[in-house]
Amino acid sequence: MKPFTDEDVEIYIQSKVERRHSLVSKAVEEVQKIIQQLTAEISYKATRFQAISNSGIHNENIKVLAPSQFLITVPLRGLTGYRECQVRHWRYYTVHGAKLLSSVRDPEELHQWLEVEQFSKSLQQWHETDVNIEGDLVPAKVLIVFRELVEKSIISCNLSSKVTMLESFSSGVRVAVETSESQVEVELVPAVEIPTCWPEKARWPRCLKRWPSQEKVQCIKSLGFDLLARSNYHWQLCFSRAERILMEGLDEDGGCRMKCFRVMRQMKEDVWCAGNKPVITAYHLQTVLFWTCEKYPRTKDWRCFPEAFLRLVQKLHKCVSQHFLKHYFLKNTNLLKYANTSDLDLVASRLTVFLENPVFCLD
């Protein structure tokens with residue numbers, strides 16, 4: 001079979017990509033409305049938690065990992081004036097406050113400790129023992145408080161027919177939300193928003209690069225980062241505002257980067273890595289796109305769709321085959337470190353088949 005033509009691409013975009021966009025937009029709208037109502041009730045019950053805004057499909061609190069898998073950050077109130085802390089000391093406590101004989105392990109590069117004293121202003125509630133141990137804000141304790149509030153608010157908002165608590169194997173809070181089309185699994189993540197500084201450990205850009213521009217780099221670094229409660233002791237660094245700015249204006253030079261990304265995402269969901277809980281998510285694809293844009297910064301590299309698209313798929317294939325995808329802002333973090341290797345190998349084999357015979361699935 002011959003490789004895809006421009007006509008094949010346009011047919012695929014119209015029949016698959018645009019339909020996906022419509023379905024996902026509708027799901028985001030419905031989920032957002034329900035979670036906004038739920039978080040407004042949570043915020044009423046506990047002022048430490050802020051309701052998410054209801055701002056359409058481009059809500060910066062909502063990350064679509066797959067059509068039926070969302071991550072929604074719930075901002076925390078009453079922690080302002082953040083500053084980095086260099087003081088190192090060992091922690092000898094469990095998440096329930098009991099003493100340990102050996103110290104808790106240090107955080108990996110994508111994570112950090114968080115002390116309430118790192119904020120120049122903090123509500124008294126963040127000093128309480130329900131979330132604080134020896135001055136540390138402990139994600140697991142924040143999540144216990146948050147989970148209880150979610151459970152109570154589902155009942156008090158009469159949302160039991162639309163929202164169901166899911167059993168979580170980690171300390172995270174997951175719910176199933178019923179939409180008019182399907183069920184969406186949502187991870188609700190308390191987040192400390194730090195819009196005032198860029199983390200020292202994110203040494204980005206690593207050297208002078210042509211992509212992104214220096215103006216965009218300065219803009220991105222001025223937006224700061226977030227810290228997410230997704231584990232027991234350590235807060236996870238998150239760069240969603242930075243990533244959003246990188247995705248905006250991606251093709252100001254008339255290139256086809258976004259088109260390549262959207263088609264690759266569709267192929268991933270249709271053929272290479274389908275299912276409700278895919279081992280490769282849209283976030284992984286976005287990271288592959290960033291690395292490829294950095295390696296190929298010139299306008300002419302993104303003029304010819306077939307060449308640009310295959311280059312992107314080859315980069316994805318290499319990462320999946322090697323079980324290694326470097327975080328875009330934290331170079332020592334492998335985003336596939338804890339992924340199921342058998343699942344990754346299956347995706348790699350499907351990518352191999354596509355690269356040997358690049359045709360689009362229109363079934």
Side-chain angles (χ1 to χ4, degrees), residues 2-18 20-21 24 57-58 60 63-64 198 202-223 239-269 272 280-322 324-331 335 351 354-360:
K2 66 180 190 301
F4 56 84
T5 64
D6 288 345
E7 189 182 357
D8 293 334
V9 176
E10 291 310 314
I11 291 170
Y12 188 72
I13 288 172
Q14 287 170 22
S15 65
K16 294 278 191 171
V17 178
E18 289 179 4
R20 177 209 185 267
H21 177 73
V24 170
I57 186 173
H58 299 297
E60 65 178 53
K63 191 176 282 185
V64 179
W198 187 257
R203 300 187 189 283
W204 176 87
R206 284 149 289 284
C207 55
L208 206 58
K209 297 283 185 183
R210 288 181 60 184
W211 189 94
S213 68
Q214 284 305 299
E215 294 78 24
K216 188 158 272 193
V217 167
Q218 292 309 312
C219 171
I220 284 167
K221 294 181 101 169
S222 73
L223 295 172
F239 300 87
S240 55
R241 285 185 297 282
E243 289 153 359
R244 192 182 78 251
I245 295 297
L246 280 174
M247 291 296 278
E248 285 176 3
L250 206 54
D251 293 313
E252 287 169 344
D253 60 0
C256 61
R257 298 168 189 82
M258 200 63 193
K259 185 176 178 180
C260 287
F261 172 75
R262 292 176 73 200
V263 172
M264 179 169 70
R265 182 180 61 191
Q266 192 65 46
M267 283 293 289
K268 193 278 297 182
E269 291 172 4
W272 306 330
I280 298 295
T281 68
Y283 182 71
H284 295 115
L285 300 186
Q286 178 180 269
T287 306
V288 168
L289 176 67
F290 292 159
W291 283 117
T292 311
C293 286
E294 187 176 291
K295 187 174 180 181
Y296 298 94
R298 297 175 303 179
T299 299
K300 70 176 190 177
D301 295 322
W302 299 93
R303 285 257 167 81
C304 174
F305 175 83
E307 283 180 23
F309 179 71
L310 289 176
R311 195 164 52 225
L312 205 54
V313 178
Q314 284 160 358
K315 171 68 175 173
L316 175 63
H317 178 257
K318 182 182 178 183
C319 294
V320 174
S321 300
Q322 295 177 347
F324 186 83
L325 173 57
K326 202 160 41 171
H327 191 287
Y328 188 61
F329 296 107
L330 299 165
K331 64 177 183 178
L335 294 176
L351 287 166
F354 175 79
L355 289 168
E356 287 171 352
N357 182 28
V359 292
F360 292 119

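This one's a predicted model, so the numbers in the text were calculated from it and none came from an experiment.
Qualifying ring pair (Phe, Tyr, Trp, His ring centres under 6.0 Å) partners for H317, counting only residues two or more places apart in sequence or in other chains: none. D251 is linked by a side-chain hydrogen bond (donor to acceptor under 3.5 Å, both in side chains) to R257, counting only residues two or more places apart in sequence or in another chain. Every residue meeting the side-chain contact (heavy atoms from CB on, under 4.5 Å) condition with C304, not counting sequence neighbours, appears here in chain and number order: P306, E307. For Q286, the side-chain contact (heavy atoms from CB on, under 4.5 Å) partners are E243, M247, F261, Y283, F290, not counting sequence neighbours. R298 is linked by a side-chain hydrogen bond (donor to acceptor under 3.5 Å, both in side chains) to D301, counting only residues two or more places apart in sequence or in another chain. In this view, K259 and E10 satisfy the salt bridge (Lys or Arg N to Asp or Glu O under 4.0 Å) rule, not counting sequence neighbours. Partners of R210 by side-chain hydrogen bond (donor to acceptor under 3.5 Å, both in side chains), not counting sequence neighbours: none found. Residues that satisfy the side-chain hydrogen bond (donor to acceptor under 3.5 Å, both in side chains) test with S222, not counting sequence neighbours, are absent from this structure. Partners of K295 by side-chain contact (heavy atoms from CB on, under 4.5 Å), not counting sequence neighbours: none found. W272 is linked by a ring pair (Phe, Tyr, Trp, His ring centres under 6.0 Å) to F354, counting only residues two or more places apart in sequence or in another chain. Applying the side-chain contact (heavy atoms from CB on, under 4.5 Å) test to R244 and every residue at least two apart in sequence or in another chain returns E60, R241, E248.
Taking both residues in full, the closest heavy atoms of L285 and R265 are given as CD1-CA, 3.4 Å, listed atom of the first, atom of the second, then distance. Counting all heavy atoms, side chain and backbone alike, P212 lies closest to L246 at CG-CD2, 3.8 Å. Shortest non-hydrogen contact noted between K268 and I280 is NZ-O, 2.8 Å. Scanning both residues, T5 and D8, for their nearest heavy atoms gives N-OD2, 2.9 Å. Minimum heavy-atom separation, L312 to V288: O-CG1, 3.9 Å. Of all non-hydrogen atoms in W291 and H327, the two that sit nearest each other are CZ2-O, 3.4 Å.
For the atom pair L351 CG and M264 CE, the distance stands at 9.5 Å (nearest 0.5 Å). With rounding to the nearest 0.5 angstrom, the CH2 atom of W204 is 7.0 Å from the NZ atom of K221. With values rounded to the nearest 0.5 angstrom, L289 atom CG is found 11.5 Å from K315 atom NZ. With values rounded to the nearest 0.5 angstrom, I11 atom CD1 is found 7.5 Å from Q14 atom CD. A distance of 4.0 Å separates CZ of R20 from CD of E269, quoted to the nearest 0.5 Å.
Between the side chains of H284 and T287, no donor-acceptor pair is found at a separation under 3.5 Å.
Applying the salt bridge (charged side-chain N to carboxylate O under 4.0 Å, His left out) test to residues at least two apart or on different chains, none of the pairs has a partner in residues 281-292.
In this structure, R262 forms no cation-pi arrangement with F309, as its terminal cationic atom is not both closer than 6.0 Å to the ring centre and no more than 45° off the ring axis.
Side-chain contact check for L223 versus F239: every heavy-atom pair is 4.5 Å or farther apart.
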| Verdict with supporting geometry, W302 and T292, side chain to side chain contact (heavy atoms under 4.5 Å, CB included) | CA-CA 11 Å; W302 299 93; T292 311; 3.9 Å; yes

| task | Would you check, one step at a time, whether the test side chain to side chain contact (heavy atoms under 4.5 Å, CB included) holds for K209 with C207? | result | CA-CA 6 Å; K209 297 283 185 183; C207 55; 3.6 Å; yes

